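Everything on this sheet refers to the single structure shown next.
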Amino acid sequence: MSEKPTTVVLVHGAFADASSWNEVVTDLTARGIPTLAVANELSGAARDGSRIAAQVREIDGPVVLVGHSYGGAVITAAANEADNVTGLVFIAAFAPDEGESLQDLLGQFPANDFGSGLAPHQLPGTDGDEVWLSIALDSFHQLFAADVPGDQATVMARSQRPIAAAAFEEKAGPASWKRLPSHFLVATGDKAIHPDGQRTMAKRAGATTIEVDGSHAVSVSQPKAVADFIASAL
């Protein structure tokens, strides 16, 4: 009996949705690689990771988790709850260590203008109103997707999903990248997670690393480079 093929599970980050992986899914699927782009609630890495892990456990065979941006924190958590995860791929992503928050990490990186482009929203939650964050429409193209055509960036801005502000303060659990093979794509034109921060996280994870000349939305602007890197991780 032949071994089960490895499935790639793509996890989007903040200010995006699963459609940000569309071209990557098309590319990987054309190569015969089973691929899923899953929905991410953007509520906090522990809860989101548990939900992703539940979906991963339903897959018959090994899984490589791929996370973009905040999705890197989610796959780091999810891999601790799904025994069939065999590797992690970070695409311009956070890779927190145990006890770190995303805000802690951002404070270690060179400063940028990303925070000034965020717009807060008061949305109902289980314990009353909660603060969620989106990128202001007039800042989205420059800060998130500078190398994406303007019309496409406008659609992305107007269909973005906000993230819970509390997700940036949540402390990470055990870092699964310490025990799993890890791969890291650094987006050198990233204006959300500074490239030097990405390099630092990749180095401490001992990750196989490449650099791509792309914005934070590198999976949209450079889908073939992203798909090539994911395929190499298999």
Side-chain angles (χ1 to χ4, degrees), residues 4 6-14 16 18 21 36-109 126 130 133 163-187 190 192-210 229-230 232-234:
K4 296 288 184 181
T6 298
T7 298
V8 170
V9 174
L10 306 166
V11 181
H12 68 83
W21 296 112
L36 296 173
V38 296
N40 185 2
E41 287 193 344
L42 311 179
S43 60
R47 173 178 166 82
D48 293 342
S50 290
R51 292 176 64 87
I52 298 300
Q55 296 176 72
V56 168
R57 292 194 299 269
E58 293 179 351
I59 296 171
D60 186 11
V63 169
V64 166
L65 287 174
V66 182
H68 171 246
S69 189
Y70 161 78
V74 175
I75 66 170
T76 298
N80 291 321
E81 300 182 35
D83 291 340
N84 55 333
V85 175
T86 58
L88 303 172
V89 181
F90 298 89
I91 307 295
F94 289 106
D97 200 351
E98 185 169 7
E100 284 182 337
S101 70
L102 303 189
Q103 194 59 51
D104 292 335
L105 286 169
L106 289 170
Q108 299 172 24
F109 304 164
T126 55
E130 299 173 352
L133 301 171
I163 183 171
F168 287 94
E169 302 294 340
E170 181 181 299
K171 300 294 186 181
S176 55
W177 45 259
K178 291 183 176 180
R179 59 179 178 79
L180 291 171
S182 298
H183 304 257
F184 206 114
L185 184 149
V186 175
D190 200 325
I193 304 175
H194 196 285
D196 286 346
Q198 295 178 42
R199 295 179 183 110
T200 297
M201 289 184 286
K203 182 177 180 179
R204 75 174 182 181
T208 301
T209 304
I210 67 166
F229 186 58
I230 294 169
S232 74
L234 303 183

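Everything numeric here is computed off the predicted structure, so don't read it as measured data. Just so you know, residue 1 is the first one in the sequence shown, and it goes up from there.
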Quick check: does any side chain N or O of [X] sit under 3.5 Å from a backbone N or O of [Y], one acting as donor and the other as acceptor?
X      : Y      : answer
Ser176 : Pro174 : no
Arg199 : Thr209 : no
Asn40  : His12  : yes
Glu130 : Ala164 : no
Gln55  : Val38  : no
Trp177 : Pro96  : yes
Asn84  : Val56  : yes
Glu100 : Leu105 : no
Asp48  : Ala45  : no

Which pair of non-hydrogen atoms, one from Ala93 and one from Met201, has the smallest distance, and what is that distance? O-CE, 3.3 Å
Phe90 and Phe184 aromatic ring geometry - parallel, tilted or perpendicular at 30°/60° bounds: parallel
With sequence neighbours left out, the residues meeting ring-ring contact (aromatic ring centres under 6.0 Å, His included) with Phe94 are none
Step through the shown structure and confirm whether more than 12 heavy atoms of other residues, nucleotides or ligands are within 6.0 Å of CG on Asp83. no
[atom1]-[atom2] distance between [X] and [Y], expressed to the nearest 0.5 angstrom:
X      : Y      : atom1 : atom2 : result
Phe109 : Asp190 : CZ    : CG    : 10.0 Å
Ile230 : Leu234 : CD1   : CG    : 8.5 Å
Arg179 : Asn80  : CZ    : CG    : 5.0 Å

Partners of Asp97 by side-chain hydrogen bond (donor to acceptor under 3.5 Å, both in side chains), sequence neighbours excluded? Lys178
Residues in side-chain hydrogen bond (donor to acceptor under 3.5 Å, both in side chains) contact with Arg47, at least two apart in sequence or another chain: Glu41
In this structure, which one of Val66, Val64, Leu65 forms a side chain to side chain contact (heavy atoms under 4.5 Å, CB included) with Leu10? Val66
I'd like to check Lys171 versus Ser101 (side-chain heavy atoms, cut-off strictly below 4.5 Å). Are they in contact? yes
